[in-house]
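Letters go in sequence order (proteins before strands), and every chain restarts at 1.
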2 protein chains.
Amino acid sequence: MEARRARARPGDGARLREEILRNAEQLLVETGDEGAITLRSVAQRTRVTTPSVYLHFSGKEALIEAVCLRVWDELGNRIREAVGRVTDPLIALGECGRAYVHFALDHPVQYRLLMMRPSASTEASKACFGHMVNAVTACVESGVLQGNPDTLALTMWTAVHGCAALLITQPALPWPDDVNEIIDATVRMVGFGAALNTHLPRRRVPRSAELLDGVTAAAERLKALGRKK
Amino acid sequence: MEARRARARPGDGARLREEILRNAEQLLVETGDEGAITLRSVAQRTRVTTPSVYLHFSGKEALIEAVCLRVWDELGNRIREAVGRVTDPLIALGECGRAYVHFALDHPVQYRLLMMRPSASTEASKACFGHMVNAVTACVESGVLQGNPDTLALTMWTAVHGCAALLITQPALPWPDDVNEIIDATVRMVGFGAALNTHLPRRRVPRSAELLDGVTAAAERLKALGRKK
DNA sequence: GCCCCTATGTTGACGTCGTTAAGTTGACAG
DNA sequence: CTGTCAACTTAACGACGTCAACATAGGGGC
């Protein structure tokens, strides 16, 4: 057997917990495969026997859940920072979406683990969702969006999540050479669409010709405003 | 040992293949857990010994891949049907999105299996994607959308996929009581947003006040058109 | 200084999983 | 009737998650 890890002092056992968590995430990133997280592999990398993991996690599921919690935290921080950097509420919301997708693409394996698991950690995801609701609420208060902030935020989150998820899980699709092209298109589509949608009556879906007419009106108005500036 | 399955006649061995596939998907649906698909459990349900599965599938991965293929096919059919029922290209595109999300919600476990797997079946997903590109192409030809149909379809697919995915994997979020509310919001947001986005110059993101102004112009124009009709 | 007690691990084992190699059986061609 | 070959079975291996039982170090009470 190889060099063993020095035993922790009483009261200091939680250090092993941290080390196990770190090694589990490292293993996940290095192999790119969730299946590579094995109690045995994690234990070996921590230079500890397999059952020792049970001293700090009730089982494999709990270990993975703990890994997810860390990632949710990072994601939440990243979103909060992005929103905080801008004052205009609509632009802040866009930055929120961009930060979200970029985080997912920077940590594809972790993101998959987060979102694709059967029993995802609900508390952490709700906290993360809260940051988006804040960004949306600012837009509602400024008048650019109307309606229930929760529902609005959900609708917009689904879109950016889908963008990140498909980019990660379906790389074979005909994506443009520059990923930012898709991200920008998504963020703009979400912003424009949500705004237009909330200011329209709910009753009926416009036909192609009608929507085209309304949209060109909006486009010309926006172009005119841009020139004036 | 329990009653064994009658041995197939020579040349007729592929029947077992079908039965295995059916049982695997049944197992998946009944338990709601991908992990419940075990070579042993599938074999037992088919009243066959475990290694017999290897006569028709090169391993567990291939079996699951085959299950996915079937689901991709069903999804593709459902989309094609939905698009075919309507003539107006924009409304057809909307129906495409609605059919997509409803299929996902009707087969949540299968949908998760499809989209969340590390190595998703690329050929089948591309075929499915083709149906959406067709619906988008019709919109481009009618002028309501502008740009590359592939990129447009991708942007819009990501949004509806995200809607389906989050509804399935994050049921704890504050969804509205009626799911159709979110689906409608997403479909409308995608349609409006994509249209407005493609008719706008790419250079810069409008600020809240500007977008609000343009959007109200579009809304009033659309309302006026609705009255005239 | 000694002892014992608890936190901190380890040993060994069980059952299940995917996978493989080798043996068996039964329907059909000749 | 007989041999052949597709269609299955038997038996086994290593890796996995999990658990019960055992070992050991370090610190507090006397």
**Q** Can you run down the ring pair (Phe, Tyr, Trp, His ring centres under 6.0 Å) pairs that involve residues 6-44 of chain A, sequence neighbours left out, and say none if there aren't any?
**A**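 Non-adjacent pairs meeting ring pair (Phe, Tyr, Trp, His ring centres under 6.0 Å): zero.
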
**Q** Any side-chain N or O of Ser52(A) less than 4.0 Å from the OP1 or OP2 oxygen of dT8(C)?
**A**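 Negative; the distance criterion is not met.
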
**Q** Go through Ile183(B) and Asn180(B) one step at a time and tell me if the side chain to side chain contact (heavy atoms under 4.5 Å, CB included) criterion holds.
**A** CA-CA 5 Å; Ile183(B) 301 180; Asn180(B) 288 303; 4.1 Å; yes

**Q** Specify the residue among Arg9(B) and Leu55(A) whose closest nucleotide of DNA chain C lies further upstream toward the 5′ end.
**A**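 Nearest-nucleotide comparison on DNA chain C picks Leu55(A).
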
**Q** Apply side chain to side chain donor-acceptor pair (under 3.5 Å) to Asn134(B) and list each qualifying residue two or more places apart in sequence or on a separate chain.
**A** none

**Q** Between atom CD1 in Ile20(B) and atom C1' in dA7(D), what is the gap in whole Å?
**A**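 Whole-Å distance recorded here is 12 Å.
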
**Q** Between atom CG in Asp12(A) and atom C1' in dA25(D), what is the gap in whole Å?
**A**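 Atom CG in Asp12(A) sits about 14 Å away from atom C1' in dA25(D).
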
**Q** When the distance from NE2 of His56(B) to P of dA6(D) is rounded to whole Å, what number comes out?
**A** 13 Å

**Q** Which residues satisfy the side chain to side chain contact (heavy atoms under 4.5 Å, CB included) test with Pro108(B), sequence neighbours excluded?
**A**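 By the side chain to side chain contact (heavy atoms under 4.5 Å, CB included) rule, Pro108(B) matches Ile168(B).
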
**Q** According to the ring pair (Phe, Tyr, Trp, His ring centres under 6.0 Å) rule, which pairs have a member within residues 159-188 of chain A, sequence neighbours left out?
**A**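 Every pair satisfying ring pair (Phe, Tyr, Trp, His ring centres under 6.0 Å) with a residue in residues 159-188 of chain A: Tyr111(A)-His161(A).
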
**Q** List the residues meeting salt bridge (Lys or Arg N to Asp or Glu O under 4.0 Å) with Glu141(A), not counting sequence neighbours, and say none if there are none.
**A** none

**Q** Round to the nearest Å and state the distance from Arg5(B) atom CZ to dA6(D) atom P.
**A**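 After rounding, the gap between these two atoms is 18 Å.
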
**Q** How would you list, by chain and number, every residue that makes a side chain to side chain donor-acceptor pair (under 3.5 Å) with Asn23(A), sequence neighbours excluded?
**A** Thr46(A)

**Q** Atom CZ of Arg15(B) to atom P of dA27(C): distance rounded to whole Å?
**A** 13 Å

**Q** Quick one: which residue pairs count as a side-chain hydrogen bond (donor to acceptor under 3.5 Å, both in side chains) with a foot in residues 29-38 of chain B, not counting sequence neighbours?
**A**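 Checked against side-chain hydrogen bond (donor to acceptor under 3.5 Å, both in side chains) - neighbours excluded - the pairs reaching residues 29-38 of chain B are Glu30(B)-Arg45(B).
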
**Q** Just the atom pairs and distances: protein N or O near nucleotides 1-4 of chain C's N or O, under 3.5 Å.
**A**
none

**Q** Protein within reach of the bases, or only the backbone? For nucleotides 16-26 of chain C, mark each nucleotide 5' to 3' as B, S or -, using heavy atoms under 4.0 Å.
**A** -BBBB----B-

